[in-house]
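Working notes, structure below.
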Amino acid sequence: MAKDFDHMEDSNRSANPTFDEVSDPARRQWLRGGAAALGALAAPGWLAGCVPVALAPRHAGGPGVPPSQGAAGAAGFRLGFSPVAMAAVDTVAVPAGYRAEVLLRWGDPVGIAGRMPAFRPDAANTAEDQALQAGMHHDGMAYFPLNGARRGLLAINHEYTDEGLLHPDGRAGWSPEKARKSMAAHGVSVIEVARGDDGWRVVRPSRYARRLTATTPMRLSGPAAGHPMMRTAADSTGRRVLGTFNNCANGQTPWGTYLTCEENWAGYFEGPAEPDAHQRRWGIAAGLGGWYRWHEADERFDARLHPNEPNRFGWVVEIDPADPASTPVKRTALGRAAHEGAATALTADGRAVVYMGEDARFEYIYKFVSRQRMRPGGAAANRELLDHGTLYVARFGADGRGQWLPLVHGQGPLTAAHGFADQGQVLIQSRQASDLLGATKMDRPEWTAVDPVTRTVYCTLTNNSARGRPGQPGPDAANPREANTMGQIIRWREDGDLDATTFTWDHLVLAGDPLAERPAARGNVHGDVFGSPDGLWVDPRGVLWVQTDASSSVMGQGDYARLPNNQMLACDPATGEFRRFLVGPRGCEVTGIAMAPDLRSLFVNIQHPGEPPNDESDPADPARHSSWPDGQGRPRSATVVITREDGGPIGS
Ligand code: FEO
Ligand code: CA
Ligand code: CA
């Protein structure tokens, strides 16, 4: 997201090992000197001979790779499109021979029968209308086939709102109705889409169409459900909760469900003047509720009155998109975080593995491994799969090796003597638990992705301008740049199957122009330059797709002038080349990615076109920076579908 909650992102100040404590001179030389120094390191196995920007060869077997998946893609893949030039455009620019069409904009009805209010360009739709229409600020997304590549469901996150666009007069004359409309513009949309002779369309009405908002009834499950820290005045069971919000990235399970992740949820609660240690660690603070003012319409958002209500957010929520009557479930076994995404894969014997980044400065990367195996029978047969298992947090060693540290009550320091009464508390206070375990404080972990063939796991570390500031952790091997405005993509291979507790890691790339004058902005990108990687996905061919969320407030004006719009790139796994596939409209973030199973239709979200640096549009002049996609009036976040004019696969 664009909004920069400084107080939350700086909340991790405890004293885990930093670069100087864990580093060694050879490693430092490699990080600064690049490929020349790497050969001198004892890089084991798959890293040997690799340079920082080159991918390991496509790996057709080996530890963790089921033989059935070992052959596809082993020969590598060549990008087959002409790169798009970077320009300050107010459109979606795609390569020659490709077409981008708008599918679902903020305010378009999702298609619930008999309840399809039209969008009003003056933003005069009511809260009730909004709860039937696509929310604002589309983010993570997944495609669920109903009829292969011709018909399916899209589940789409709506991360946050621009209150200046959401209401005819912005924040002026605030009312509870405005708060209700804001709550209704958050959450998730489920829509049915179909491809006909003239392209894709939203099926309206559809029996699958659904909106989930900040008030939709949901269930808490797993070890923290029912915990005393989860009980509130409105819910003495600690098992029922209303709504999900700040849904950033996502996951898609092999059993057919959608995972939506609650990211900057702390920004919706009004905190006390003197927060306690738990509240401080999670960024709950006085004045925070002033951005959305939900607490003035619904007192559960007032953490001074209801201190446990925030504990019921920050979870990964599982949704069955095929059953619009189903109750979404917050899976507490996966831990609490400012969750970015939840990339899901299976071990060779069928257990679920979920990789998750926590997007805040100096927070952590997590992995969950289920106790049981996935069963045949889809969502109905796997209702409790994500309720039992082990959560781990990552420690990246300076020697290119890493460890997964279990967040298990009773193990190591996670005991009553250190303030953890039980496993539920470990999960609710996963940041505090990870601090104690000595996990590595990362540069804002965003999306994770698993290559389905090589089983290499990737994570975007979008940026961290506070790295090395006085009182903050300095550079370390995994996060090697002070005042890091450009970000990096880290990758690892587990030692064996995906449930391994040790791994080998390196950087795929340090983002930024290799010719940049400012050292903090200098990267080693081979190909088209980018900064602040965020969205990330490896398609079935092994193509790595990267989406950016760079802003002038993070990059500084000089660097931003070179990359004025956000973009999406493809990385050729055989060469490590990044090639620019898409440039978004002015002021937008490019985020959310899904493909139809034939790889001939690519769905991408354009979030907050036209957003000014302070994150809030002027209701008197809402189209000042952009009027995409309508060409007039308010800019509208939207899902775009990209196809090739010759009908071929995307990117080849
Ligand atoms: Fe919502 Fe971390 O991006
Ligand atoms: Ca981001
Ligand atoms: Ca993001």
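This is a predicted model, so every value here is computed, not measured. Counting convention: from 1, in listed order, for ligands and their atoms alike.
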Requested in this report: Measure centre to centre between the rings of Tyr458 and Trp447, then say whether the value is under 6.0 Å.
Outcome: no
Requested in this report: Start with the C-alpha distance between Arg444 and Glu363, add both sets of side-chain angles, then the distance that settles salt bridge (Lys or Arg N to Asp or Glu O under 4.0 Å), and finish with yes or no.
Outcome: CA-CA 6 Å; Arg444 299 185 54 195; Glu363 297 299 345; over 6 Å; no
Query - Heavy-atom side-chain proximity of Trp492 to Phe396 below 4.5 angstrom - result: yes
Query raised in the report: Which of the N/O/S atoms in Glu263 sits closest to atom 1 (Fe) of ligand 1?
Result: OE1
Query raised in the report: Considering only N, O or S atoms, which atom of Asp534 is nearest to the Ca ion (ligand 2)?
Result: OD2
Query raised in the report: Between the Ca ion (ligand 3) and Glu589, is there an N, O or S atom separated by less than 3.0 Å?
Result: no
Query raised in the report: How far does CZ of Arg336 sit from CZ of Arg312, to the nearest 0.5 angstrom?
Result: 11.5 Å
Query raised in the report: Which of the N/O/S atoms in Glu446 sits closest to the Ca ion (ligand 3)?
Result: OE1
Query raised in the report: Looking at Glu159, which of its N, O or S atoms is the nearest one to atom 1 (Fe) of ligand 1?
Result: OE2
Report task. Determine whether the side chains of Arg580 and Gln567 contain a donor N or O and an acceptor N or O closer than 3.5 Å. Result -> yes
Report task. May I ask you to check whether Glu340 brings an N, O or S atom to under 3.0 Å from the Ca ion (ligand 3)? Result -> yes
Query raised in the report: So which of the N, O or S atoms of Asp549 lies nearest the Ca ion (ligand 2)?
Result: OD2
Query raised in the report: Are Trp294 and Phe301 close enough that their ring centres sit under 6.0 Å apart?
Result: yes
